[in-house]
**Q** 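First the structure, which I've put down as C-alpha coordinates, then a few questions once you've had a look.
Every chain is numbered from 1, with letters handed out A, B, ... down the list of sequences.
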2 protein chains.
Amino acid sequence: MQSTQISKSIEDLVRQSVYRQLGLDGSKASSAPNKLLVNISARHCHLTQEAVEILFGKGHQLTPKKWLYQDGQYAAEEAVTLIGPRSRIISNLRILGPCRDFNQVEIAYTDARALGFDVPVRNSGDIAGTPGCMLMGPKGYLKLDEGVIRAAIHVHMSPEDAEHYGVKDKDFMQLKVHGECGLTFDRVFVRVHPDFKLEVHLDTDEGNACGLSENTPCELKKS
Amino acid sequence: MQSTQISKSIEDLVRQSVYRQLGLDGSKASSAPNKLLVNISARHCHLTQEAVEILFGKGHQLTPKKWLYQDGQYAAEEAVTLIGPRSRIISNLRILGPCRDFNQVEIAYTDARALGFDVPVRNSGDIAGTPGCMLMGPKGYLKLDEGVIRAAIHVHMSPEDAEHYGVKDKDFMQLKVHGECGLTFDRVFVRVHPDFKLEVHLDTDEGNACGLSENTPCELKKS
(Lines give C-alpha, C1' and ligand atoms only; values in the text may rest on other atoms or scores of the structure.)
Protein backbone atom coordinates (compact mmCIF):
# COMPACT_ATOMS: atom_id res chain seq x y z
CA MET A 1 0.00 0.00 0.00
CA GLN A 2 1.05 3.57 -0.57
CA SER A 3 1.54 5.68 2.56
CA THR A 4 -1.65 7.69 1.90
CA GLN A 5 -3.63 4.45 1.70
CA ILE A 6 -2.05 3.17 4.92
CA SER A 7 -2.83 6.44 6.64
CA LYS A 8 -6.45 6.26 5.42
CA SER A 9 -6.79 2.69 6.75
CA ILE A 10 -5.48 3.76 10.15
CA GLU A 11 -7.88 6.71 10.14
CA ASP A 12 -10.76 4.35 9.33
CA LEU A 13 -9.86 2.00 12.17
CA VAL A 14 -9.60 4.83 14.70
CA ARG A 15 -12.85 6.35 13.50
CA GLN A 16 -14.72 3.03 13.70
CA SER A 17 -13.39 2.43 17.20
CA VAL A 18 -14.39 5.92 18.42
CA TYR A 19 -17.85 5.52 16.90
CA ARG A 20 -18.30 2.08 18.49
CA GLN A 21 -17.33 3.45 21.91
CA LEU A 22 -19.91 6.20 21.51
CA GLY A 23 -22.51 3.67 20.47
CA LEU A 24 -22.90 5.43 17.12
CA ASP A 25 -23.58 3.92 13.76
CA GLY A 26 -20.21 4.55 12.17
CA SER A 27 -20.80 2.23 9.23
CA LYS A 28 -21.84 4.99 6.83
CA ALA A 29 -19.04 7.29 7.98
CA SER A 30 -16.37 4.61 8.01
CA SER A 31 -17.19 3.58 4.45
CA ALA A 32 -17.17 7.22 3.28
CA PRO A 33 -14.71 8.03 0.50
CA ASN A 34 -13.49 11.09 2.40
CA LYS A 35 -13.19 12.10 6.03
CA LEU A 36 -15.71 14.69 7.17
CA LEU A 37 -14.28 17.98 8.40
CA VAL A 38 -16.44 20.48 10.27
CA ASN A 39 -14.85 23.91 10.49
CA ILE A 40 -15.88 27.24 11.95
CA SER A 41 -15.66 30.27 9.66
CA ALA A 42 -15.07 33.38 11.71
CA ARG A 43 -16.49 36.61 10.26
CA HIS A 44 -14.75 37.59 7.04
CA CYS A 45 -15.25 39.22 3.66
CA HIS A 46 -14.72 38.42 0.00
CA LEU A 47 -13.72 41.33 -2.22
CA THR A 48 -13.23 42.14 -5.89
CA GLN A 49 -9.77 43.20 -7.09
CA GLU A 50 -11.23 46.67 -7.65
CA ALA A 51 -12.37 46.84 -3.99
CA VAL A 52 -8.93 45.68 -2.80
CA GLU A 53 -7.30 48.52 -4.76
CA ILE A 54 -9.69 51.13 -3.34
CA LEU A 55 -8.94 49.94 0.22
CA PHE A 56 -5.22 49.10 -0.10
CA GLY A 57 -3.99 51.18 -3.03
CA LYS A 58 -3.65 50.94 -6.81
CA GLY A 59 -2.25 47.60 -7.99
CA HIS A 60 -2.35 46.01 -4.53
CA GLN A 61 -2.54 42.20 -4.51
CA LEU A 62 -3.76 40.13 -1.55
CA THR A 63 -1.06 38.20 0.29
CA PRO A 64 -1.93 34.67 1.47
CA LYS A 65 -1.39 34.33 5.23
CA LYS A 66 -2.94 30.92 5.83
CA TRP A 67 -4.18 28.36 3.29
CA LEU A 68 -7.67 27.01 3.96
CA TYR A 69 -8.87 23.44 3.51
CA GLN A 70 -10.58 24.11 0.16
CA ASP A 71 -7.89 24.17 -2.54
CA GLY A 72 -6.70 27.62 -3.56
CA GLN A 73 -8.61 29.47 -0.82
CA TYR A 74 -6.73 31.47 1.78
CA ALA A 75 -7.03 33.94 4.64
CA ALA A 76 -5.15 37.02 3.53
CA GLU A 77 -2.69 39.11 5.52
CA GLU A 78 -5.01 42.02 4.75
CA ALA A 79 -7.94 42.93 6.99
CA VAL A 80 -10.40 45.81 6.94
CA THR A 81 -12.54 47.68 9.41
CA LEU A 82 -16.29 47.16 9.06
CA ILE A 83 -18.44 50.17 9.94
CA GLY A 84 -22.08 49.39 10.68
CA PRO A 85 -25.24 51.50 10.45
CA ARG A 86 -24.85 53.02 13.91
CA SER A 87 -21.15 53.83 13.37
CA ARG A 88 -20.20 50.87 15.50
CA ILE A 89 -17.21 49.00 14.13
CA ILE A 90 -15.57 45.61 13.89
CA SER A 91 -11.86 45.94 13.32
CA ASN A 92 -9.65 43.28 11.79
CA LEU A 93 -12.29 41.77 9.53
CA ARG A 94 -10.23 39.20 7.63
CA ILE A 95 -10.30 39.12 3.82
CA LEU A 96 -10.47 35.67 2.25
CA GLY A 97 -8.78 35.28 -1.12
CA PRO A 98 -8.53 34.95 -4.01
CA CYS A 99 -10.61 37.92 -5.19
CA ARG A 100 -14.13 37.21 -6.44
CA ASP A 101 -16.41 39.04 -8.83
CA PHE A 102 -18.61 40.43 -6.00
CA ASN A 103 -18.15 41.91 -2.54
CA GLN A 104 -19.64 40.03 0.41
CA VAL A 105 -19.31 40.38 4.18
CA GLU A 106 -20.15 37.32 6.30
CA ILE A 107 -20.87 37.90 9.98
CA ALA A 108 -22.62 35.95 12.74
CA TYR A 109 -25.87 37.16 14.33
CA THR A 110 -23.92 37.99 17.48
CA ASP A 111 -21.81 40.40 15.40
CA ALA A 112 -24.88 41.73 13.60
CA ARG A 113 -26.64 42.51 16.88
CA ALA A 114 -23.54 44.16 18.32
CA LEU A 115 -23.32 46.39 15.23
CA GLY A 116 -27.05 47.10 15.00
CA PHE A 117 -27.49 45.27 11.68
CA ASP A 118 -30.51 43.26 10.67
CA VAL A 119 -28.89 40.75 8.31
CA PRO A 120 -30.57 37.89 6.49
CA VAL A 121 -29.37 34.29 6.22
CA ARG A 122 -28.18 33.69 2.66
CA ASN A 123 -26.11 31.32 0.60
CA SER A 124 -22.84 32.77 -0.62
CA GLY A 125 -23.34 34.98 -3.68
CA ASP A 126 -27.07 35.46 -3.10
CA ILE A 127 -26.80 39.06 -1.91
CA ALA A 128 -29.57 40.94 -3.75
CA GLY A 129 -31.48 43.15 -1.32
CA THR A 130 -29.14 42.55 1.64
CA PRO A 131 -27.86 45.47 3.75
CA GLY A 132 -24.72 47.36 2.82
CA CYS A 133 -21.95 48.74 5.00
CA MET A 134 -18.80 50.83 4.91
CA LEU A 135 -15.37 49.21 4.78
CA MET A 136 -12.21 51.08 5.76
CA GLY A 137 -8.71 50.12 4.66
CA PRO A 138 -5.35 51.84 5.04
CA LYS A 139 -5.73 53.66 1.70
CA GLY A 140 -9.44 54.33 1.43
CA TYR A 141 -13.09 53.77 2.20
CA LEU A 142 -15.48 51.59 0.24
CA LYS A 143 -19.24 51.90 0.50
CA LEU A 144 -21.07 48.64 -0.23
CA ASP A 145 -24.73 49.06 -1.15
CA GLU A 146 -25.40 45.41 -0.37
CA GLY A 147 -23.56 42.23 0.57
CA VAL A 148 -23.74 41.84 4.35
CA ILE A 149 -25.10 38.39 5.18
CA ARG A 150 -25.10 35.63 7.69
CA ALA A 151 -23.90 32.68 5.62
CA ALA A 152 -26.24 29.68 5.78
CA ILE A 153 -24.65 26.55 7.16
CA HIS A 154 -23.41 24.48 4.23
CA VAL A 155 -21.32 21.50 3.22
CA HIS A 156 -18.83 21.42 0.36
CA MET A 157 -18.49 18.06 -1.34
CA SER A 158 -17.29 16.33 -4.50
CA PRO A 159 -19.65 14.37 -6.79
CA GLU A 160 -18.12 11.21 -5.26
CA ASP A 161 -19.16 12.34 -1.74
CA ALA A 162 -22.61 13.33 -3.01
CA GLU A 163 -23.09 9.85 -4.44
CA HIS A 164 -21.98 8.25 -1.16
CA TYR A 165 -24.48 10.28 0.89
CA GLY A 166 -27.23 10.03 -1.72
CA VAL A 167 -27.65 13.78 -2.15
CA LYS A 168 -27.30 16.33 -4.92
CA ASP A 169 -26.32 19.98 -5.26
CA LYS A 170 -28.71 22.34 -3.38
CA ASP A 171 -30.24 19.57 -1.23
CA PHE A 172 -30.37 19.95 2.53
CA MET A 173 -28.73 17.48 4.92
CA GLN A 174 -28.48 17.08 8.68
CA LEU A 175 -25.31 17.42 10.71
CA LYS A 176 -25.44 15.76 14.13
CA VAL A 177 -22.85 17.10 16.56
CA HIS A 178 -22.20 14.95 19.64
CA GLY A 179 -20.92 16.00 23.05
CA GLU A 180 -22.36 17.70 26.11
CA CYS A 181 -23.82 20.53 24.00
CA GLY A 182 -24.93 18.10 21.30
CA LEU A 183 -27.33 19.28 18.64
CA THR A 184 -28.42 18.52 15.10
CA PHE A 185 -28.35 21.15 12.38
CA ASP A 186 -31.40 20.30 10.28
CA ARG A 187 -30.74 22.47 7.22
CA VAL A 188 -27.20 22.04 5.96
CA PHE A 189 -27.12 23.29 2.36
CA VAL A 190 -25.28 20.97 -0.02
CA ARG A 191 -22.80 22.39 -2.54
CA VAL A 192 -21.34 19.88 -4.97
CA HIS A 193 -18.34 20.63 -7.21
CA PRO A 194 -15.48 18.45 -8.51
CA ASP A 195 -12.96 20.82 -6.85
CA PHE A 196 -14.63 20.68 -3.41
CA LYS A 197 -13.27 18.72 -0.44
CA LEU A 198 -15.76 17.36 2.09
CA GLU A 199 -16.15 20.15 4.67
CA VAL A 200 -19.02 21.69 6.63
CA HIS A 201 -18.79 25.41 7.37
CA LEU A 202 -20.42 26.69 10.56
CA ASP A 203 -20.33 30.28 11.71
CA THR A 204 -19.06 31.20 15.19
CA ASP A 205 -22.55 31.24 16.76
CA GLU A 206 -23.22 27.74 15.47
CA GLY A 207 -19.77 26.53 16.51
CA ASN A 208 -20.10 28.03 19.99
CA ALA A 209 -23.68 26.78 20.45
CA CYS A 210 -22.54 23.17 20.04
CA GLY A 211 -19.13 23.70 21.68
CA LEU A 212 -17.37 22.31 18.61
CA SER A 213 -13.75 21.34 19.12
CA GLU A 214 -11.33 19.44 16.92
CA ASN A 215 -12.30 16.15 18.57
CA THR A 216 -16.08 16.51 18.61
CA PRO A 217 -17.64 13.56 16.74
CA CYS A 218 -19.94 14.73 13.93
CA GLU A 219 -22.20 12.80 11.56
CA LEU A 220 -23.53 14.01 8.23
CA LYS A 221 -26.90 12.45 7.37
CA LYS A 222 -29.34 12.57 4.51
CA SER A 223 -32.49 14.35 5.73
CA MET B 1 -65.91 29.83 30.35
CA GLN B 2 -63.65 32.16 32.30
CA SER B 3 -61.63 34.60 30.23
CA THR B 4 -58.37 32.73 30.89
CA GLN B 5 -59.98 29.54 29.60
CA ILE B 6 -61.30 31.34 26.50
CA SER B 7 -57.87 32.79 25.88
CA LYS B 8 -56.29 29.34 26.24
CA SER B 9 -58.79 27.87 23.75
CA ILE B 10 -57.98 30.58 21.22
CA GLU B 11 -54.29 29.99 21.75
CA ASP B 12 -54.81 26.27 21.15
CA LEU B 13 -56.69 26.89 17.91
CA VAL B 14 -54.04 29.26 16.58
CA ARG B 15 -51.26 26.91 17.58
CA GLN B 16 -52.93 23.90 15.93
CA SER B 17 -53.49 25.91 12.75
CA VAL B 18 -49.86 27.10 12.60
CA TYR B 19 -48.60 23.57 13.20
CA ARG B 20 -50.89 22.16 10.50
CA GLN B 21 -49.64 24.74 7.99
CA LEU B 22 -46.06 23.76 8.78
CA GLY B 23 -46.91 20.11 8.42
CA LEU B 24 -45.89 19.47 12.02
CA ASP B 25 -47.37 17.07 14.47
CA GLY B 26 -48.92 19.59 16.82
CA SER B 27 -51.08 17.06 18.62
CA LYS B 28 -48.73 16.69 21.57
CA ALA B 29 -48.16 20.43 21.81
CA SER B 30 -51.81 21.37 21.40
CA SER B 31 -52.87 19.02 24.19
CA ALA B 32 -50.13 20.35 26.50
CA PRO B 33 -51.32 21.82 29.79
CA ASN B 34 -49.12 24.88 29.29
CA LYS B 35 -47.78 26.81 26.33
CA LEU B 36 -44.07 26.33 25.66
CA LEU B 37 -41.94 29.45 25.90
CA VAL B 38 -38.37 29.46 24.59
CA ASN B 39 -36.39 32.43 25.84
CA ILE B 40 -32.83 33.64 25.40
CA SER B 41 -30.90 34.46 28.56
CA ALA B 42 -28.29 37.09 27.82
CA ARG B 43 -25.15 36.94 29.98
CA HIS B 44 -25.88 37.75 33.61
CA CYS B 45 -24.91 36.97 37.17
CA HIS B 46 -26.53 35.81 40.40
CA LEU B 47 -25.10 37.25 43.61
CA THR B 48 -25.40 36.80 47.35
CA GLN B 49 -26.63 39.73 49.46
CA GLU B 50 -23.10 39.96 50.86
CA ALA B 51 -21.67 40.34 47.34
CA VAL B 52 -24.26 43.00 46.48
CA GLU B 53 -23.19 44.99 49.55
CA ILE B 54 -19.49 44.74 48.66
CA LEU B 55 -20.20 45.99 45.13
CA PHE B 56 -22.96 48.55 45.83
CA GLY B 57 -22.49 49.54 49.46
CA LYS B 58 -23.56 48.44 52.93
CA GLY B 59 -27.28 47.63 53.18
CA HIS B 60 -27.88 47.97 49.43
CA GLN B 61 -30.88 46.04 48.10
CA LEU B 62 -31.36 45.07 44.44
CA THR B 63 -34.08 47.00 42.60
CA PRO B 64 -36.26 45.03 40.16
CA LYS B 65 -36.15 46.58 36.66
CA LYS B 66 -37.98 43.90 34.68
CA TRP B 67 -39.87 40.87 35.95
CA LEU B 68 -38.97 37.61 34.23
CA TYR B 69 -41.32 34.79 33.24
CA GLN B 70 -40.47 32.59 36.23
CA ASP B 71 -42.38 33.92 39.25
CA GLY B 72 -40.39 36.18 41.56
CA GLN B 73 -37.32 36.38 39.29
CA TYR B 74 -36.22 39.74 37.90
CA ALA B 75 -33.51 41.57 36.02
CA ALA B 76 -32.22 44.19 38.44
CA GLU B 77 -31.47 47.84 37.76
CA GLU B 78 -27.97 47.03 39.01
CA ALA B 79 -25.22 45.82 36.70
CA VAL B 80 -21.54 45.13 37.26
CA THR B 81 -18.37 45.07 35.19
CA LEU B 82 -16.83 41.64 34.64
CA ILE B 83 -13.04 41.57 34.43
CA GLY B 84 -11.57 38.47 32.81
CA PRO B 85 -8.17 36.80 33.14
CA ARG B 86 -6.48 39.00 30.53
CA SER B 87 -7.93 42.22 31.99
CA ARG B 88 -10.48 42.33 29.20
CA ILE B 89 -13.89 43.43 30.41
CA ILE B 90 -17.60 43.13 29.79
CA SER B 91 -19.45 46.13 31.14
CA ASN B 92 -23.11 46.18 32.07
CA LEU B 93 -23.33 42.55 33.16
CA ARG B 94 -26.90 42.40 34.44
CA ILE B 95 -27.64 41.03 37.92
CA LEU B 96 -30.68 38.76 38.19
CA GLY B 97 -32.54 38.85 41.49
CA PRO B 98 -33.49 37.93 44.08
CA CYS B 99 -30.16 37.22 45.78
CA ARG B 100 -29.05 33.59 46.03
CA ASP B 101 -26.76 31.77 48.42
CA PHE B 102 -23.91 31.55 45.88
CA ASN B 103 -22.29 33.78 43.27
CA GLN B 104 -22.47 32.67 39.64
CA VAL B 105 -21.65 34.36 36.33
CA GLU B 106 -23.31 32.95 33.19
CA ILE B 107 -21.76 33.86 29.85
CA ALA B 108 -21.89 32.44 26.34
CA TYR B 109 -18.84 30.87 24.66
CA THR B 110 -18.63 33.92 22.38
CA ASP B 111 -18.19 36.07 25.51
CA ALA B 112 -15.77 33.58 27.03
CA ARG B 113 -13.56 33.60 23.94
CA ALA B 114 -13.63 37.39 23.73
CA LEU B 115 -12.51 37.58 27.37
CA GLY B 116 -9.94 34.78 27.12
CA PHE B 117 -11.82 32.47 29.51
CA ASP B 118 -12.00 28.72 29.20
CA VAL B 119 -15.38 28.07 30.86
CA PRO B 120 -17.15 24.75 31.27
CA VAL B 121 -20.80 23.97 30.54
CA ARG B 122 -22.58 23.47 33.86
CA ASN B 123 -26.04 23.37 35.34
CA SER B 124 -26.86 26.33 37.55
CA GLY B 125 -25.36 25.93 41.03
CA ASP B 126 -22.83 23.29 39.97
CA ILE B 127 -19.80 25.58 40.11
CA ALA B 128 -17.09 23.59 41.94
CA GLY B 129 -13.81 23.85 40.06
CA THR B 130 -15.01 26.48 37.57
CA PRO B 131 -12.94 29.60 36.83
CA GLY B 132 -13.25 32.74 38.91
CA CYS B 133 -13.22 36.38 37.87
CA MET B 134 -13.24 39.90 39.24
CA LEU B 135 -16.46 41.92 39.46
CA MET B 136 -16.45 45.70 39.76
CA GLY B 137 -19.35 47.74 41.12
CA PRO B 138 -19.69 51.42 41.97
CA LYS B 139 -18.62 50.84 45.58
CA GLY B 140 -16.11 48.03 45.37
CA TYR B 141 -14.44 45.04 43.79
CA LEU B 142 -15.30 41.41 44.43
CA LYS B 143 -12.96 38.57 43.58
CA LEU B 144 -14.76 35.30 42.84
CA ASP B 145 -12.60 32.19 43.14
CA GLU B 146 -15.08 30.20 41.07
CA GLY B 147 -18.51 30.54 39.49
CA VAL B 148 -18.02 31.48 35.84
CA ILE B 149 -19.95 29.02 33.66
CA ARG B 150 -21.74 28.57 30.42
CA ALA B 151 -25.20 27.49 31.58
CA ALA B 152 -26.34 24.23 30.01
CA ILE B 153 -29.52 24.54 27.96
CA HIS B 154 -32.45 23.60 30.23
CA VAL B 155 -36.20 23.59 30.55
CA HIS B 156 -38.15 24.64 33.63
CA MET B 157 -41.41 22.79 34.14
CA SER B 158 -44.06 21.91 36.70
CA PRO B 159 -44.82 18.30 37.73
CA GLU B 160 -47.95 18.58 35.54
CA ASP B 161 -45.80 19.44 32.48
CA ALA B 162 -43.35 16.65 33.33
CA GLU B 163 -46.20 14.15 33.40
CA HIS B 164 -47.51 15.40 30.05
CA TYR B 165 -44.11 15.00 28.35
CA GLY B 166 -43.30 11.76 30.17
CA VAL B 167 -40.08 13.02 31.73
CA LYS B 168 -38.71 13.56 35.23
CA ASP B 169 -36.31 15.97 36.93
CA LYS B 170 -32.73 15.74 35.54
CA ASP B 171 -33.77 13.91 32.36
CA PHE B 172 -32.69 15.22 28.97
CA MET B 173 -35.15 16.22 26.26
CA GLN B 174 -34.91 17.48 22.69
CA LEU B 175 -35.96 20.92 21.51
CA LYS B 176 -36.62 21.19 17.79
CA VAL B 177 -36.49 24.74 16.46
CA HIS B 178 -38.01 25.30 13.02
CA GLY B 179 -37.23 27.97 10.46
CA GLU B 180 -34.49 28.61 7.93
CA CYS B 181 -31.76 28.02 10.55
CA GLY B 182 -33.66 25.07 12.03
CA LEU B 183 -31.87 22.78 14.44
CA THR B 184 -32.56 20.34 17.24
CA PHE B 185 -30.96 20.73 20.65
CA ASP B 186 -30.39 17.14 21.73
CA ARG B 187 -29.54 17.67 25.41
CA VAL B 188 -32.04 19.94 27.09
CA PHE B 189 -31.73 19.39 30.86
CA VAL B 190 -35.09 19.03 32.62
CA ARG B 191 -35.73 20.88 35.90
CA VAL B 192 -39.05 20.10 37.57
CA HIS B 193 -40.47 22.15 40.45
CA PRO B 194 -44.05 23.04 41.45
CA ASP B 195 -43.16 26.76 41.18
CA PHE B 196 -41.74 26.49 37.64
CA LYS B 197 -43.54 27.66 34.50
CA LEU B 198 -42.81 25.84 31.24
CA GLU B 199 -39.84 27.68 29.72
CA VAL B 200 -36.65 26.69 27.89
CA HIS B 201 -33.60 28.87 28.48
CA LEU B 202 -31.06 29.20 25.67
CA ASP B 203 -27.96 31.34 25.81
CA THR B 204 -27.25 33.97 23.15
CA ASP B 205 -25.04 31.65 21.06
CA GLU B 206 -27.78 29.03 20.96
CA GLY B 207 -30.45 31.65 20.23
CA ASN B 208 -28.39 33.22 17.46
CA ALA B 209 -27.39 29.87 15.95
CA CYS B 210 -31.04 28.99 15.33
CA GLY B 211 -32.15 32.57 14.63
CA LEU B 212 -34.80 32.35 17.32
CA SER B 213 -37.47 35.02 17.21
CA GLU B 214 -40.75 35.40 19.05
CA ASN B 215 -42.62 33.62 16.26
CA THR B 216 -40.26 30.69 15.64
CA PRO B 217 -42.18 27.41 16.09
CA CYS B 218 -40.49 25.15 18.65
CA GLU B 219 -41.29 21.60 19.77
CA LEU B 220 -40.19 19.95 23.00
CA LYS B 221 -39.80 16.19 22.65
CA LYS B 222 -38.92 13.29 24.89
CA SER B 223 -35.51 11.93 23.76
Side-chain angles (χ1 to χ4, degrees), chain A residues 22 24 40-43 90-92 107-115 117-123 126 149-154 172-189 200-213 216-219 221 223, chain B residues 22 24 40-43 90-92 107-115 117-123 126 149-154 172-189 200-213 216-219 221 223:
Chain A
L22 284 164
L24 309 181
I40 298 171
S41 294
R43 56 187 176 236
I90 285 181
S91 50
N92 265 315
I107 58 177
Y109 273 169
T110 296
D111 303 322
R113 282 174 195 271
L115 286 172
F117 266 117
D118 189 10
V119 303
V121 178
R122 292 288 180 91
N123 295 315
D126 176 19
I149 64 169
R150 175 197 183 175
I153 183 172
H154 58 277
F172 287 97
M173 297 183 75
Q174 290 185 310
L175 177 75
K176 186 172 176 68
V177 180
H178 293 267
E180 61 182 345
C181 306
L183 57 77
T184 304
F185 295 102
D186 289 324
R187 289 174 59 81
V188 181
F189 189 69
V200 173
H201 279 165
L202 310 181
D203 71 10
T204 44
D205 287 339
E206 290 159 339
N208 285 330
C210 63
L212 188 81
S213 76
T216 309
C218 294
E219 292 174 276
K221 300 174 175 186
S223 294
Chain B
L22 284 164
L24 309 180
I40 298 170
S41 294
R43 57 189 174 232
I90 285 181
S91 50
N92 266 315
I107 58 177
Y109 273 168
T110 296
D111 302 322
R113 282 175 196 270
L115 286 172
F117 266 116
D118 188 9
V119 303
V121 178
R122 292 287 180 90
N123 295 315
D126 176 19
I149 63 169
R150 175 197 184 176
I153 183 172
H154 57 278
F172 287 96
M173 298 183 75
Q174 290 185 310
L175 177 75
K176 186 172 176 69
V177 181
H178 292 266
E180 60 182 345
C181 306
L183 57 78
T184 303
F185 294 102
D186 288 324
R187 289 174 59 82
V188 181
F189 189 69
V200 173
H201 280 165
L202 309 182
D203 71 9
T204 44
D205 287 339
E206 290 159 339
N208 285 329
C210 63
L212 188 81
S213 76
T216 308
C218 295
E219 292 175 276
K221 300 174 175 186
S223 295

**Q** For the interface with chain A, which of E180(B), E206(B), Q174(B) has the highest count of heavy-atom pairs at distances below 4.5 Å?
**A**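 Counting heavy-atom pairs under 4.5 Å, the top option is E180(B).
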
**Q** Calculate, to the nearest 0.5 Å, the distance between atoms OH and OG1 belonging to Y109(A) and T110(B) respectively.
**A**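 Reported value, rounded in 0.5 Å steps: 14.5 Å.
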
**Q** Of the listed residues (A108(B), A112(B), A152(B), C181(B)), which shares the most heavy-atom pairs with chain A below a 4.5 Å separation?
**A**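 Highest number of heavy-atom pairs under 4.5 Å: C181(B).
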
**Q** With chain A, which of V121(B), I153(B), T184(B) has the greatest number of heavy-atom pairs at distances under 4.5 Å?
**A**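 Heavy-atom pairs under 4.5 Å are most numerous for T184(B).
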
**Q** Looking at chain B, which one of L175(A), L183(A), V177(A) has the largest number of heavy-atom pairs inside 4.5 Å, strictly under?
**A**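 Option with the greatest count: L183(A).
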
**Q** Specify the closest pair of heavy atoms between R150(A) and N208(B), including all atoms of both residues, with the distance to one decimal.
**A**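 For R150(A) and N208(B), the tightest heavy-atom pair comes out as NH1-O, 3.0 Å.
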
**Q** So which heavy atom on D186(A) is nearest to which on K176(B), and how close?
**A**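 Closest pair (atom of D186(A), atom of K176(B), distance): OD2-NZ, 3.0 Å.
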
